[in-house]
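Okay, structure first, notes after.
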Amino acid sequence: MTDLNMFSLEGRTALVTGANTGLGQGICVAYAKAGANVVGVARRSCQETADKISAFQGSFREILADLSDISVIPRIVEEAQKAFGRVDILVNNAGIIKRCDAVDVTEEDWDAVIDVNEKMVFFLCRAFAEKWIADQKGGKIINIASMLSYQGGIRVPAYTSSKSAVIGLTRALANEWAGHNINVNGIAPGYMETNNTQNLRSDGQRSEEILSRIPAGRWGTPEDVAGAAIFLASDAAAYIHGFTLAVDGGWLAR
Ligand code: NAP
């Protein structure tokens, strides 16, 4: 009989960025249900996430921080440690998207996307891995990638660049840290119903084009990423390194 405890996150602490809404909120709730203490990082209140978790007596704390500047990292690490002690799982979920023709992209918009989606991801990974290598107890990193880690996308060049970088970074860090018992993996969500896709879903033509290409025949939800996020954070994924798992309703298989 398989020991399903291998999927339990009981006694672990997980830090999830972008925890106030969307996929980040879904992952926080899933982790708390799986037994983890959850630290949510966001630039706005995570009250809604906290309420969802307290409804089943789960354990959640928020840290308010703007993730566009890496100078916030030492405070995040310190506050997380104060909240629950050692952080065992890091989920780099926060991300932004800016839609416009490539010829109209400004340097400011380019930097804004790369700073949150790519630079912050690397430096948060580094901050926690440094601790995990020092205490030799390992850890789990899950980076949220995208379909645009594999495809070019339409009118989102900075986003595509950043998400393609996330998948490469996930492999690069896995190579360096697998020997330290640190699993670095990714999740590539397909087209999900969150703020990120609000503009896309309200554009009738694009929305129809996308929906008709999804084999599952529906947009994804934050609940759809829960299983993959728990799995990759758990002991069940101990020998998985550098892989990005698509949760996409079959989009990439098409
Ligand atoms: P979302 O609802 O827009 O969530 C993005 C999260 O990132 C929000 O919590 C947002 O905070 C946070 N964030 C952005 N910039 C931040 C900053 N400077 N400081 C702190 N937090 C910041 O969209 P989502 O779909 O849940 O996105 C989650 C992740 O999944 C992102 O990395 C996104 O690229 C990725 N993804 C989404 C889809 C999709 O179809 N939805 C597909 C593939 C990948 P605010 O609420 O304050 O803006």
Side-chain angles (χ1 to χ4, degrees), residues 9 14-34 36 38-53 58 60 62-63 65 67-68 89-99 113 116-118 120-121 124-125 140-151 153 156 159-160 162-167 169-170 184-201 207 210-211 214 216 218-234 237 243-252:
L9 301 183
L15 186 141
V16 180
T17 66
N20 55 302
T21 186
L23 305 185
Q25 180 178 80
I27 293 169
C28 288
V29 172
Y31 280 180
K33 281 188 181 161
V38 181
V39 180
V41 182
R43 59 183 164 180
R44 297 188 283 132
S45 165
C46 294
Q47 193 55 50
E48 194 180 276
T49 308
D51 290 346
K52 282 175 184 263
I53 291 175
F60 179 81
E62 76 172 20
I63 296 175
L67 295 170
S68 59
I89 301 156
L90 165 66
V91 180
N92 283 305
N93 164 79
I96 54 172
I97 188 161
K98 290 185 185 282
R99 292 176 198 283
V113 172
V116 177
N117 294 12
E118 182 180 343
M120 178 58 73
V121 172
L124 272 174
C125 289
K140 306 276 184 192
I141 294 175
I142 294 136
N143 295 324
I144 303 300
S146 166
M147 292 298 96
L148 302 192
S149 303
Y150 308 96
Q151 300 176 315
V156 285
Y159 184 81
T160 302
S162 70
K163 292 298 184 177
S164 299
V166 163
I167 213 168
L169 184 61
T170 298
V184 188
N185 290 297
I187 292 174
Y191 287 84
M192 321 296 275
E193 275 176 17
T194 66
N195 298 338
N196 175 289
T197 53
Q198 185 69 55
N199 291 343
L200 215 47
R201 284 179 291 116
S207 175
I210 288 167
L211 193 57
I214 302 173
R218 64 171 179 85
W219 290 71
T221 67
E223 291 73 34
D224 285 318
V225 297
I230 291 172
F231 168 53
L232 291 175
S234 73
F243 193 73
T244 296
L245 179 58
V247 178
D248 66 351
W251 178 274
L252 288 180

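Just so you know, residue 1 is the first one in the sequence shown, and it goes up from there.
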How close do I230 and A30 get, heavy atom to heavy atom, and via which atoms?
-> CD1-O, 3.7 Å
C125/T170 under side-chain contact (heavy atoms from CB on, under 4.5 Å): CA gap, chis, key distance, verdict = CA-CA 10 Å; C125 289; T170 298; over 6 Å; no
Using side chain to side chain contact (heavy atoms under 4.5 Å, CB included) as the criterion, list what pairs up with K98, not counting sequence neighbours.
-> I96, D109, A112, V113
Which pair of non-hydrogen atoms, one from D248 and one from M147, has the smallest distance, and what is that distance?
-> CB-CE, 3.6 Å
Looking only at heavy atoms, the pair that brings V116 and S68 closest together is CG2-CA, 3.8 Å
Do N117 and V166 have side chains that get closer than 4.5 Å, going by heavy atoms?
-> no
Under 3.5 Å: donor-acceptor pair, side chain of Y31, backbone of A226 = no
Side-chain heavy-atom pair L148, S164 within 4.5 angstrom cut-off | no
Does some side-chain heavy atom of V39 sit less than 4.5 Å from a side-chain heavy atom of V16?
-> no
Please tabulate, for side-chain N and O atoms in residues 185-193, each donor-acceptor pair with protein atoms closer than 3.5 Å (sequence neighbours left out).
unit_1, atom_1, unit_2, atom_2, d
N185, OD1, G242, N, 3.0
N185, OD1, F243, N, 2.9
N185, ND2, I240, O, 2.8

Between the side chains of T17 and N92, does any donor sit under 3.5 Å from an acceptor?
-> no
Does K163 use its side chain to pair, donor to acceptor, with the backbone of I144 at less than 3.5 Å?
-> yes
Rounded to the nearest 0.5 angstrom, the CG-CG distance for L90 and L124 is 6.0 Å
Check side-chain hydrogen bond (donor to acceptor under 3.5 Å, both in side chains) between Q47 and all other residues, then give those that pass, not counting sequence neighbours.
-> D51
Closest non-hydrogen atom pair, A228 against V247 = CB-CG2, 3.7 Å
Check: A145 main-chain N/O paired with S149 side-chain donor or acceptor under 3.5 Å = no
Please tell me if the side chains of L200 and R99 come closer than 4.5 Å, counting only heavy atoms from C-beta onward.
-> yes
So which heavy atom on R218 is nearest to which on D224, and how close?
-> NH1-OD2, 2.8 Å
Listed pairs under 3.5 Å, donor-acceptor, residues 18-25 side chains, sequence neighbours left out:
unit_1, atom_1, unit_2, atom_2, d
Q25, NE2, N20, O, 3.3
Q25, NE2, E48, OE2, 3.1
Q25, NE2, T49, OG1, 3.0

So, K52 side chain and V29 main chain: donor-acceptor pair closer than 3.5 Å or not?
-> no
In chain order, what residues pass the side chain to side chain contact (heavy atoms under 4.5 Å, CB included) check against E62, with sequence neighbours excluded?
-> S45, C46, F60, L64
Can you find a pair of side-chain heavy atoms, one from S146 and one from I97, that are under 4.5 Å apart?
-> no
Report yes if some heavy atom in the side chain of L169 is under 4.5 Å from a heavy atom in the side chain of V121; otherwise report no.
-> yes
State which residues pass side-chain hydrogen bond (donor to acceptor under 3.5 Å, both in side chains) with R44; sequence neighbours excluded, sorted by chain then number.
-> none
